[in-house]
Amino acid sequence: MLSGRGITKRFGAVTVLSGVDVSVAPGETLAVTGPSGSGKSTLLHCLAGILRPDEGEVRLGAERVDSLSEARRTTLRRARFGFVFQFGQLLPELPAVENVALPLMLAGVGRREAVAKAAAWFPTLGLDGLQDRRPGQLSGGQEQRVAIARALVAGPAVVFADEPTGALDSTTGAQVMDLLCGLAVRTGTALVVVTHDPEVAARCHRTLALHDGRPVPAESLVSGDARQSDDRRAQGAW
Ligand code: ADP
Ligand code: MG
């Protein structure tokens, strides 16, 4: 179980998160939604031990994350967390399979074994035959599938995804989300997905909606987001 209690974060005089409580269990998928600037990425960074909250605490199981030193948080992130970003997270000079193998090699697994383990993810992700392609030779959706494999390959407790479908068309985005959520459930990984897209959030078990750094009822954001997605709402997504 990953949990944050009373998370408050300030940048200078500006309070970006105010007393946010959040938790996500193994195999559970949580969407963090809200308009641009509402504090979604900052919350993700606090939960993942990238940023230290000014108040409140973050725990992974019994372990307090936020009070660890920078070096120990880095070690914890590598060992227990996986990350998927909007784009640009793969190393362009490495074949896809080596991108996936990287977290294993960082954890001390030998190169041959790491590459073999990484390759085993490709059929599951609909990427069979693409192991040796460079990221520049993959479509946006394929790149995100590679990123998902890389986030999961080392068996993390939690995967954090920040706008993972933000650079994809809605059909490809839906496929990527289904894959990510399905794998999280199957592998018992907790998943935290930051998104401003209600359709993406709807694929998660639960939603935490933020407005100006405070939790708000999820429905209160619908009217704002509906401006962009009336057509999808009409199709019954909501
Ligand atoms: P979201 O992901 O919901 O778009 P962010 O968490 O990125 O929002 O940002 C929330 C607010 O905090 C924004 O007003 C942003 O400008 C501000 N902010 C984010 N990171 C920093 C930083 N490192 N220094 C100063 N302000 C920041
Ligand atoms: Mg953001």
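These numbers come from the heavy atoms of this one structure, side chains and all, not from hydrogens, waters or symmetry mates. Just so you know, ligand 1 is whichever comes first in the structure, and atom 1 is the first atom listed for that ligand.
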Considering only protein heavy atoms, which is closest to [atom], and at what distance to one decimal place?
| atom | answer |
| --- | --- |
| atom 20 (N) of ligand 1 | Phe11 CE1, 3.4 Å |
| atom 14 (O) of ligand 1 | Gly37 O, 4.1 Å |
| atom 7 (O) of ligand 1 | Ser41 CB, 3.7 Å |

Is the number of heavy atoms from other residues, nucleotides or ligands under 6.0 Å of [X] [atom1] greater than 12?
| X | atom1 | value |
| --- | --- | --- |
| Arg214 | CZ | no |
| Arg111 | CZ | no |
| Arg206 | CZ | yes |
| Arg80 | CZ | no |

- Verify the contact flag for atom 2 (O) of ligand 1, where contact means a protein heavy atom under 4.0 Å away.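 Given the 4.0 Å limit, the answer for atom 2 (O) of ligand 1 is yes, a protein heavy atom qualifies.
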- Looking at atom 10 (C) of ligand 1, would you say a protein heavy atom lies below 4.0 Å from it?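 Yes, because at least one protein heavy atom sits under 4.0 Å from atom 10 (C) of ligand 1.
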- Task: Apply side chain to side chain donor-acceptor pair (under 3.5 Å) to the pair Thr29 and His205, showing each step before the final yes or no.
- Result: CA-CA 5 Å; Thr29 58; His205 294 134; 3.2 Å; yes
- Task: Verify the distance test for Thr42 against the Mg ion (ligand 2): any N/O/S atom under 2.8 Å, yes or no.
- Result: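 Within the cut-off used here (under 2.8 Å), Thr42 places no N, O or S atom near the Mg ion (ligand 2).
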- Message: At less than 4.0 angstrom from any non-hydrogen atom of Pro35, what atoms of ligand 1 do you find?
- Response: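 Those atoms are 3 (O).
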- Considering only heavy atoms of Val16, which atoms of ligand 1 have at least one such atom less than 4.0 Å away?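 Near Val16, the atoms of ligand 1 are 10 (C), 11 (C), 12 (O).
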- Message: Side chain, backbone, both or neither: which applies to Thr42 and ligand 1 if a contact is any heavy-atom pair less than 4.0 Å apart?
- Response: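 Both backbone and side chain.
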- Query: Do Phe122 and Val100 come within less than 4.5 Å of each other through their side chains, counting heavy atoms only?
  - Reply: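 In short, these two side chains touch, coming nearer than 4.5 Å.
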- Message: Considering both backbone and side-chain atoms of Gly39, is one of its nitrogen or oxygen atoms within less than 3.5 Å of a nitrogen or oxygen in ligand 1?
- Response: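 The answer is yes, given that Gly39 and ligand 1 share an N or O pair closer than 3.5 Å.
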- Query: What is the ring orientation for Phe85 with Phe83, classed by angle as parallel under 30°, tilted 30 to 60°, or perpendicular over 60°?
  - Reply: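 Plane angle under 30°, so parallel.
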